[in-house]
Amino acid sequence: MNPEYEPQNIEEKWQERWDRLGIYQAHDLENKKKFYSLVMFPYPSGDLHMGHMRVYTISDVISRHRRMQGYNVLNPMGWDAFGLPAENAAMARGRHPQQWTQENIKYMRDEQLKKLGTSYDWRREVTTCEPDYYHWTQWLFLQFFKKGLATRKEAPVNWCPECQTVLANEQVEDGKCWRHGNIEVIQKKMSQWFLKITDYADRLLNDLDKLKGWPEHVKVMQRNWIGKSKGAELFFTVEGKPNVRINVFTTRQDTVFGVTYLVLAPEHPLVLDLTESRQKKAVQDYIESAKHKTELERMTAEKSKTGVPLGSLAINPFNGDEIPIWISDYVLAGYGTGAVMGVPAHDERDFVFAKLFDLPIKQVVSPDGKAATELKSAYLDAGILVNSGMFNGLDSEKAKEKIIDWAMSNNSGCARIQYKLRDWLISRQRYWGCPIPLIHCEKCGIVPVDEKDLPVILPIEGIEIKGQGGSPLANDTKWLNIKCPKCGQAAKRETDTMDTFIDSSWYFLRYADATNKKEAFALDKVNYWMPIDQYVGGVEHAILHLLYSRFFTKALKDMGLVDCDEPFTNLLSQGMVTMLSPQSGRIEKMSKSRGNVVGTTAFFEQYGADSARLFSLFAAPPEQELVWSEDSAIGQYRFLGRLWRFAHALQDQGVEVTAKTEFDENNVPASAASLLRLTHKTIKAVSEDLEKEHYVFNTAISSCMILLNGIYKFTGDKTEENNGGSHKSKSLSELEKQIVIFAYRNLLLLLAPMAPHITEQIWHDLGFARVEDESIHVHAWPKYDVKLTIDNEIELVLQINGKFVNKQIVQRGLRKAEAESIALTDSKMVSKIDNRPVQKIIVVIDRLVNVVI
RNA sequence: GCCUUUGUGUCGGAACUGGUAUACGAGCCGCACUUAAAAUGCGGUGCCCGUAAGGGAUUGAGGGUUCGAAUCCCUCCAAAGGCACCA
């Protein structure tokens with residue numbers, strides 16, 4: 001055994017051995033408790049940095065721990081390989097996206113993930129851009145299509161000029177493209193494919209309550225995104241136009257008597273019909289200018305409102321009031337009915353609008369049932385209705401119900417629930433994605449590709465990617481032109497490809513049966529493994545990927561393709577890895593563009609993967625942000641060196657470790673009892689720290705360090721002549737040696753999931769493995785004896801008025817009276833009490849005595 | 001503006017169910033080993049006053065509950081993230 005810890009010499013050897021032995025393979029349908037551990041698969045960008053390494057380490061430790069606990073663990077890995085960066089790289093470097101992607105995958109798998117010491121079952125690797133995967137993406141799309149869950153409709157959509165494609169709502173942040181923070185998204189009216197996620201809005205919302213193992217903030221974000229509002233749709237008629245009706249959506253139908261105007265979105269279909277000729281020019285000018293405003297301008301213009309009256313009047317069905325109709329771009333065309341009732345007294349925005357255009361303000365809800373003379377600002381709270389005819393005196397809640405009742409019986413409205421969530425726009429005008437398996441036939445319309453003709457292969461040869469002017473697929477006439485499967489006449493393929501989020505909405509199901517050539521996945525296998533017991537990933541997918549995957553799972557359950565209706569039982573959303581950025585001088589998220597990336601290769605070469613793993617686990621709890629610093633990473637390298645040198649010292653002294661691992665626990669000499677106790681305590685602490693809902697790796701590692709320090713202290717020779725240089729052991733009795741070995745052996749087992757290489761090496765060097773091919777990683781997780789975690793002596797804390805004064809070492813289990821008398825006779829206590837009368841004594845058994853004076 | 005999360009030494013962070021605040025690591029200081037340095041082993045190290053013994057204040061700020069509060073309650077401040085003209 002090398003006296004120095006040199007990770008470079010051991011890590012690769014074990015990685016190859018584990019691979020050869022197949023110890024990380026998951027066994028389908030095995031009659032054993034399963035554990036499906038998953039980490040969000042990466043986009044093969046070509047380089048993983050420490051931020052990625054952190055999340056893979058966390059998930060890997062969880063998997064390894066469960067494996068040692070005896071679970072049948074599925075821990076797979078794959079590649080989210082379709083997407084724009086491949087096309088952009090292709091244009092920049094003149095490489096084909098496929099070639100570029102495959103090279104990146106090879107590098108990331110072999111040089112990065114494998115070298116981190118991960119325990120994936122690589123037989124299940126999936127790559128979303130390979131035909132054997134997207135075959136089934138297409139097949140699933142057809143199932144959605146058959147169920148009517150995939151529809152084509154014309155709608156205003158988000159267009160990113162940089163990406164040259166449309167985006168889903170979830171992929172627009174602050175009016176800008178999620179990939180291009182500086183590029184404004186343009187609204188375009190286009191005919192596009194949508195998946196009807198809104199059909200599942202209610203279930204996606206309600207089932208969040210079932211997800212006990214999800215962090216609250218992720219659930220809150222999903223709730224907000226779904227954005228359920230309960231209210232009413234009310235019908236307003238138009239003066240002089242008996243056939244026209246304006247519907248408005250409101251959550252405050254209790255304020256309907258306070259309506260003093262209506263506002264339509266400029267895009268509302270009735271606008272021109274309702275415009276009086278004298279207002280025609282003003283209205284047309286306004287619509288024109290609104291059209292030219294970008295989404296961003298409409299939002300930044302915020303509070304400053306604009307608008308134009310149409311000149312016509314609407315009639316409030318409740319009180320017959322005639323009220324002016326306006327248009328204004330503060331009303332969104334895409335939400336509700338695209339029209340709102342203006343109630344300035346009870347809505348901030350309406351209040352501002354009314355003040356600006358001098359419209360009347362009529363209070364109809366007040367806190368005490370009396371109307372105020374003049375409102376200085378909108379009164380937004382619930383209250384008692386006033387000025388509201390037959391509804392006067394009701395509270396807002398009650399009034400909301402009654403008003404809906406009245407509206408229904410008078411054909412003037414109905415109850416309505418409105419969601420913010422829109423259907424998922426999934427078509428993309430780009431090349432590097434999964435082709436949508438549909439055919440446009442002039443005679444038959446849209447015809448699905450026959451399932452037996454799947455997959456529709458994405459052509460690789462002869463494609464010219466320009467990034468402009470639509471999908472290059474449209475120029476590939478050989479691919480494009482096809483006979484209609486229905487009528488046999490000339491037809492054309494759909495040239496749009498699918499949003500890559502579709503690929504990632506079901507990859508976790510494919511892992512259950514990754515090589516199936518006949519179907520997406522076999523029922524029995526997918527139902528054996530699903531749902532995922534522990535999912536780990538970044539919070540940036542709180543809405544996007546996590547919502548889409550939930551939707552997919554529910555839809556597939558309804559189709560009978562999977563049993564569970566929630567895919568991820570427990571979710572760990574890990575914090576980002578940040579580092580000082582030399583450009584800005586601030587701590588920022590690690591990213592190439594900021595120039596603050598720490599690559600893995602150099603670090604692995606210098607300190608080894610085990611140190612990298614330990615540091616990313618130790619520096620902060622998993623949910624928290626982690627600031628990368630090589631200086632403190634060194635602490636982990638030192639710890640592992642210390643672990644290593646102790647093994648060497650043992651071996652050097654010819655300590656026989658294979659002989660006996662058992663000993664009589666009742667016969668332990670006092671000299672070693674505390675080390676034995678420390679060992680049991682450590683097993684307990686680390687076991688608890690690695691249990692789900694805890695996952696506090698930092699304290700688990702800290703406990704391991706304490707145990708190693710304890711071992712050093714116990715074995716260290718502190719006599720004068722031996723106080724220098726490296727660690728020297730004092731002479732120990734046979735029994736003491738056995739306890740040292742017991743402690744050290746358990747320490748290796750506890751560290752094995754976190755530092756897999758060094759523990760495996762020492763395990764073999766010291767002979768804990770009986771045969772060469774035995775691995776520490778399939779050894780049973782250590783057990784502890786609760787009896788042996790308890791000290792028989794404790795420190796009794798002595799307090800006066802709750803303040804610490806002194807402590808005494810006493811036997812465990814002292815009765816109240818005994819503890820009291822110790823406190824009252826302790827010399828420090830006596831001098832502090834100083835003969836003042838004792839009011840009260842509080843005793844917490846085996847912990848403290850508090851004397852109140 | 002609304003929602004969520006977080007505020008503990010020089011730094012990363014511990015602290016069970018309210019019970020010795022600052023575990024573990026980094027940094028710094030010292031000792032040993034060494035010709036020397038590095039590495040390693042051992043010890044010290046939150047702040048203020050004090051040579052010391054000892055004393056005092058302290059978990060973003062202020063108040064409250066309690067024998068006792070980092071922990072529970074209220075008000076405020078700060079930071080990070082999310083949502084935001086959604087009627």
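Below, chains carry the letters A, B, ... as their sequence lines are ordered, and counting in each starts from 1.
Here A/Lys832 lies in heavy-atom contact (under 4.0 Å) with sugar-phosphate atoms only. A/Asp350 comes within 4.0 angstrom of no nucleic acid atom, judged by non-hydrogen atoms across all strands. Using a 4.0 Å heavy-atom distance criterion, A/Pro215 is classed as making no nucleic acid contact. Within the nucleic acid shown, A/Ile706 comes within 4.0 Å of sugar-phosphate atoms alone, with no base atom in reach, counting heavy atoms only.
Remark: A/Val844, A/Arg847, A/Leu848, A/Asn850, A/Val852 in residues 843-853 of chain A come within less than 4.0 Å of RNA chain B through at least one heavy atom.
Without hydrogens or angle criteria, A/Arg54 side chain to A/Gly575 main chain gives a donor-acceptor distance under 3.5 Å.
For B/A57, there is no paired base (Watson-Crick or G-U wobble, both distances below 3.5 Å). Checking B/A80 for Watson-Crick or G-U wobble geometry (two distances, each under 3.5 Å) identifies B/U4 as its partner. With a cut-off of 3.5 Å on both Watson-Crick or G-U wobble distances, the partner of B/C16 is given as none. With a 3.5 Å ceiling on both atom-pair distances, the Watson-Crick or G-U wobble partner of B/A32 is B/U40. Using N1 to N3 plus N6-O4 or O6-N4 for Watson-Crick, or N1-O2 and O6-N3 for G-U wobble, each under 3.5 Å, B/U10 pairs with B/A26. In this entry B/A70 has no Watson-Crick or G-U wobble partner, no candidate having both defining distances under 3.5 Å.
At whole-Å resolution of the value, CE in A/Met221 and C1' in B/G81 are 8 Å apart. Going from atom CG of A/Leu332 over to atom P of B/A87 covers 10 Å, rounded to whole Å. What separates CD1 of A/Ile543 from C1' of B/G81 is a distance of 12 Å, to the nearest Å. We find that CH2 of A/Trp225 is positioned 18 Å from P of B/G81, with the value rounded to whole Å. Between the CG atom of A/Asn169 and the P atom of B/C83 there is a distance of 12 Å, rounded to whole Å. Protein atom CZ of A/Phe618 is 12 Å distant from nucleotide atom P of B/A23, rounded to whole Å. Atom CG of A/Leu380 is separated from atom C1' of B/A87 by 12 Å (rounded to the nearest Å).
For the pair A/Arg252 and A/Ala619, nearest-nucleotide mapping onto RNA chain B gives the more 5' position to A/Ala619. Position along RNA chain B of the nearest nucleotide to A/Met705 versus A/Gln418 favours A/Met705 as the more 5'-ward residue.
To the nearest 0.5 Å, atoms CD1 (A/Ile404) and OG (A/Ser412) are separated by 13.0 Å. The CD1 atom of A/Ile226 sits 11.5 Å away from the OG1 atom of A/Thr198 when rounded to the nearest 0.5 Å.
Contact annotation: A/Lys219 side-chain N/O to B/C3 OP1/OP2 distance is not under 4.0 Å. For B/C3, the OP1/OP2 oxygens have no side-chain nitrogen or oxygen of A/Arg223 closer than 4.0 Å. Neither OP1 nor OP2 of B/A23 sits under 4.0 Å from any side-chain N or O of A/Ser703. Applying the 4.0 Å criterion to OP1 and OP2 of B/C42, one finds that A/Tyr712 has every side-chain N and O outside that range. In this structure, A/Gln624 reaches the B/G13 phosphate: one of its side-chain N or O atoms is under 4.0 Å from OP1 or OP2. Remark: A/Lys840 is in phosphate contact with B/C67, judged by side-chain N or O atoms under 4.0 Å from OP1 or OP2. Proximity of A/Asn709 to the phosphate of B/A23: no side-chain N or O atom is located under 4.0 Å from OP1 or OP2. For the OP1/OP2 pair of B/A26 and a distance below 4.0 Å, the side-chain nitrogens and oxygens of A/Arg638 include at least one atom meeting the criterion. Side-chain N/O atoms of A/Lys828 include none lying less than 4.0 angstrom from OP1 or OP2 on B/G55. A sub-4.0 Å separation between OP1 or OP2 of B/C83 and a side-chain N or O of A/Lys420 is absent. Between A/Asn698 and B/A14 there is a side-chain N or O to OP1 or OP2 distance below 4.0 Å.
Using P as the reference atom, B/A15 and B/C3 are 29 Å apart when rounded to the nearest Å. For B/G63 and B/U71, the P atoms lie 14 Å apart once the distance is rounded to whole Å. Across B/G27 and B/U34, the matching P atoms stand 25 Å from one another, rounded to whole Å. Rounded to whole Å, the separation between the P atoms of B/G55 and B/G19 comes to 25 Å. When the P atom is compared between B/A69 and B/C76, the two are found 24 Å apart, to the nearest whole Å. Going from the C1' atom of B/G9 to that of B/C48 covers 14 Å, rounded to whole Å. Annotation: B/C33 and B/G25 have their P atoms spaced 25 Å apart (nearest Å). For the P atoms, the distance from B/A38 to B/C31 is 13 Å, rounded to whole Å.
With B/A87, B/C24, B/A14 as the choices, the nucleotide that has an atom nearest any side-chain atom of A/Asp347 turns out to be B/A87. Picking from B/A15, B/A21, B/A87 the nucleotide with the shortest atom distance to the side chain of A/Phe804 gives B/A21. The side chain of A/Tyr335 sits closest to B/A87 out of B/C24, B/A87, B/U20. For A/Val331, counting side-chain heavy atoms from C-beta on, the closest listed nucleotide (B/A87, B/C85, B/C24) is B/A87. The side chain of A/Gln799 has B/U20 as its nearest neighbour among B/U20, B/G13, B/C24.
If you check the side chains of A/Asp202 and A/Tyr419, you find a donor sitting under 3.5 Å from an acceptor. In this structure, a donor-acceptor pair under 3.5 Å is present between the side chains of A/Thr306 and A/Tyr286.
Pairing each heavy atom of A/Val271 with each of A/Leu264, the nearest pair is CG2-CD1, 4.0 Å. When all heavy atoms of A/His217 and A/Ser573 are compared, the pair lying nearest together is NE2-OG, 3.7 Å. A pairwise comparison of heavy atoms in A/Leu380 and A/Asp347 identifies CD2-CA, 3.8 Å as the closest pair. Considering every non-hydrogen atom in both A/Asn850 and A/Asn801, the closest pair reads OD1-N, 3.2 Å.
Contact of A/Glu348 with B/G1 (side chain to base): no donor-acceptor pair of N or O atoms is detected under 3.5 Å. Checked by distance alone, A/Glu795 brings a side-chain donor or acceptor within 3.5 Å of a matching partner on the base of B/U20.
Between A/Asp254 and A/Arg252, at least one side-chain nitrogen of the basic residue sits less than 4.0 Å from a carboxylate oxygen of the acidic one, meeting the salt-bridge criterion. Salt bridge status for A/Asp209 with A/Arg223: present, with a side-chain N to carboxylate O gap under 4.0 Å.
A cation-pi arrangement, defined by a distance under 6.0 Å to the six-membered ring centre and an angle within 45 degrees of its axis, is present between A/Arg642 and A/Tyr712.
Annotated as syn: B/G9, whose O4'-C1'-N torsion sits within 90° of 0.
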